[in-house]
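What follows is one structure encoded as structure tokens, with my remarks underneath.
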Amino acid sequence: MTVINMPNKSKGTLHSKQGLSSALKYITDPQKTNNGELVSGQNINIPSNAYDEMLLTREMAILAGNQPKENERFGFHFVQSFSPEDNLTPEQVHEIGLKTMKAYLGESVEFVIATHTDKEHLHNHIILNATNPKTLKKFQQSKSQLEELKEISDVISKEYGCKIIDRSLKNSHKKYQVYLAKNSYRKEIKSKIKFLLSHASNWTDFKNKATTLGLIVDDKGKYTTYQLSGTSQERKVRDRSLKNQAFMKEAISERLKENEVVYTESEVKELWEENQTIQDKEQETEIEMLIEDWQVEKETADYLYVNINIGLEREQRKTAIKIPARCVDKLENGDYQIFLKKQDRFYFVDSKNPENNKIMLGKTVVKNLQNQSGSVPLYSNNAKIKLKQLFNEFDFLISKGLDFDTSFEAIGKELEQTYYQTESILENLDKKILEYVEENKAYARPNTRILKTI
């Protein structure tokens, strides 16, 4: 079994020359690396001089105009550990580490790799120079990229007979919708507070107008709390849990001093309803597509890797797009239902040329998948999305064992409104179909009856 991570103490990021120096000194310790035989590097002439060579690359970047920023990154520290049950030699472990890093970032980066044999389990320490010697730009290490590194490590380790941790999808679109239903009140609270920041004159006025919008503000205790009236919200929300300093009582009071226009409570309610109508119209529709098993490269705990073709027909190359588990429902027959939006951003991985890894918008992903499989995308309207969220909210309340109280009554009213909205959409569709039929009656049609049975 192979595990790859970044040290907890530094979170794997080296923010100083001293940190870089200490990390390199630690990983190349002769007592841990069979007298230095298990130390090597890429684009590093002499591993024992790696510190100087990496700083020289940094100096070149500065001369080229890439000035250091605050909290500068000097390097990254990765640890790749192996189980004794894998029965690998130190040389094999070292080889796996080298192949993993080359597959991850290509051959242009600088790194030192050292295989440690001082513990029961063999493990690699890898120090990556944050500055790329070819582009002279800083490397950005994100959570999704670390997941990608783990997956590359799994693939290469498997070639050497290592056992791999099962990484089947641990989330789904359905679970994500339940989560949104459960936490939708936080978004609404934030939205109402943000709206009132521009439409109240002082703290008392803020509280009164919040009540008008169905938001109960309680500032009697140590913390200011918020609760939506007539909804399924079970507990009051503290201001600090909204994770925005602008939503703290003191900050709100200061912000309200800037407002010069005074609105009445009825005007504020009317403006809020108009604002919500505009937002509903602008809400981006969800695109639903069927992905068949043959289109999938692999499934991990956090992502579904779907193969797509990139480039012109003569120069097409196959690559994989990373779709988060929250956008995927796995079907019983092994196929997948994916849910995207046009402006969603997805990371696609070119395994042969890592430097070609880039971001692709949801609308481009849909177009590529449609061309590839012929699967027709379904575009959900706002009413359908709202219905799904309401049903998920019902499921959440039922799972909590709650009786049919005001929480269900509030959702019921919203469901009724959405039903009438959907009915209106269907009526308009019926009218368009009838109009189309009437317009085309005059056109002659060939006899399409089957005259013979073959």
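All residue numbers in this chain count up from 1 along the given sequence.
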Exercise for the section: Answer whether the closest heavy-atom distance between the side chains of I252 and R255 falls below 4.5 Å. Expected result: no

Practice task
Indicate yes or no: at least one non-hydrogen side-chain atom of K342 is less than 4.5 angstrom from one of I287.
Solution key: yes

Practice task
Provide the closest heavy-atom pair for L196 versus L256 in the form atom of the first, atom of the second, distance.
Solution key: O-CD2, 3.8 Å

Exercise for the section: Test side-chain hydrogen bond (donor to acceptor under 3.5 Å, both in side chains) on Q337 and E288 and set out the steps. Expected result: CA-CA 7 Å; Q337 205 77 25; E288 185 177 332; 3.2 Å; yes

Exercise for the section: Look at the side chain of N368 and the backbone N and O of T364, then say whether any donor-acceptor pair between them is shorter than 3.5 Å. Expected result: yes

Handout entry: Y336 six-ring face occupied by K330 cation (under 6.0 Å, within 45°)
Key = no

Problem - Side-chain donor or acceptor of S157 paired with backbone N/O of S153 under 3.5 Å - result: yes

Problem - Nearest heavy-atom neighbours spanning A103 and I152 - result: CB-CG2, 3.7 Å

Practice task
Would you give the length of the straight line joining atom NE2 of H199 to atom CD of E265, rounded to the nearest 0.5 angstrom?
Solution key: 14.0 Å

Exercise for the section: Any chance you could lay out the side chain to side chain contact (heavy atoms under 4.5 Å, CB included) test for W272 and E270, step after step, and finish with the verdict? Expected result: CA-CA 5 Å; W272 169 256; E270 187 178 341; over 6 Å; no

Problem - side-chain hydrogen bond (donor to acceptor under 3.5 Å, both in side chains) evaluation trace for Q18 with S22 - result: CA-CA 6 Å; Q18 179 60 43; S22 298; 2.9 Å; yes

Exercise for the section: Would you sort out whether V112 and I126 count as a side chain to side chain contact (heavy atoms under 4.5 Å, CB included), showing the intermediate values? Expected result: CA-CA 6 Å; V112 172; I126 302 154; over 6 Å; no

Handout entry: Any donor-acceptor N/O pair, S253 side chain to K249 backbone, under 3.5 Å
Key = yes

Handout entry: D329 side, atom CG; I291 side, atom CD1 - distance, nearest 0.5 Å
Key = 12.5 Å

Problem - Side-chain heavy-atom pair F111, V109 within 4.5 angstrom cut-off - result: yes

Handout entry: Side-chain heavy atoms of P68 within contact of R58, under 4.5 Å
Key = yes

Exercise for the section: Check the pair Y26 / H125 against ring pair (Phe, Tyr, Trp, His ring centres under 6.0 Å), numbers first and verdict last. Expected result: CA-CA 9 Å; Y26 170 76; H125 284 273; 5.5 Å; yes

Problem - Candidate pair D219 and W203, rule side-chain hydrogen bond (donor to acceptor under 3.5 Å, both in side chains), full reasoning - result: CA-CA 10 Å; D219 61 347; W203 178 250; 2.7 Å; yes

Handout entry: Whether over 12 other heavy atoms sit under 6.0 Å from E258 CD
Key = yes

Handout entry: K138 charged N/C atom sitting above F74 aromatic ring, 6.0 Å / 45°
Key = yes

Problem - Distance, nearest 0.5 Å, that separates OG1 of T224 from NZ of K207 - result: 8.5 Å

Handout entry: Sub-4.5 Å side-chain heavy-atom contact between I113 and M101
Key = no

Handout entry: Gap between atom OG1 of T57 and atom CD1 of I62 - 0.5 Å precision
Key = 11.0 Å

Handout entry: Heavy-atom donor-acceptor pair, N43 side chain to S108 backbone, under 3.5 Å
Key = yes

Handout entry: Pair K69 + E72: basic N to acidic O under 4.0 Å
Key = no

Exercise for the section: Carefully, step by step, assess S229 and I216 under the rule side chain to side chain contact (heavy atoms under 4.5 Å, CB included). Expected result: CA-CA 7 Å; S229 58; I216 309 303; 4.2 Å; yes

Exercise for the section: Verify, without hydrogens or angle tests, whether N371 (side chain) and K367 (backbone) share a donor-acceptor contact under 3.5 angstrom. Expected result: yes

Handout entry: Under 3.5 Å donor-acceptor, N202 side chain and K257 backbone
Key = no

Practice task
Provide the closest heavy-atom pair for L136 versus A64 in the form atom of the first, atom of the second, distance.
Solution key: CD1-CB, 3.8 Å

Practice task
Spell out, as yes or no, whether a donor-acceptor pair under 3.5 Å connects the side chain of K209 to the backbone of Y263.
Solution key: yes

Handout entry: Audit row: L128, F139, side chain to side chain contact (heavy atoms under 4.5 Å, CB included) steps and yes/no
Key = CA-CA 9 Å; L128 170 72; F139 173 64; 3.7 Å; yes

Practice task
Look at the side chain of T100 and the backbone N and O of I96, then say whether any donor-acceptor pair between them is shorter than 3.5 Å.
Solution key: yes

Practice task
Report the distance from atom OG of S21 to atom OH of Y51, rounding to the nearest 0.5 Å.
Solution key: 5.5 Å

Exercise for the section: State whether the side chain of E292 and the backbone N or O of G334 hold a donor-acceptor pair below 3.5 Å, judged by distance alone. Expected result: no

Handout entry: Check: Y303 and E148 side chains under 4.5 Å, non-hydrogen atoms
Key = no

Problem - Side-chain touch T225/D239, heavy atoms, less than 4.5 angstrom - result: no

Completion exercise
Here the pair of heavy atoms bringing E297 nearest to A320 is OE1-CB, 3.7 Å

Handout entry: Spatial distance of atom CG (D293) from atom CG (D335) [nearest 0.5 Å]
Key = 6.5 Å

Practice task
Please examine the side chains of N244 and K190, heavy atoms only from C-beta on, and report whether any two atoms are closer than 4.5 Å.
Solution key: no

Problem - Exam field: side chain H121 to backbone K119, donor-acceptor pair closer than 3.5 Å - result: no

Practice task
State, to 0.1 Å, how close V155 and K298 come at their nearest heavy-atom pair, and which atoms those are.
Solution key: CG2-NZ, 4.3 Å

Exercise for the section: State, to 0.1 Å, how close A61 and T131 come at their nearest heavy-atom pair, and which atoms those are. Expected result: CB-CG2, 3.8 Å

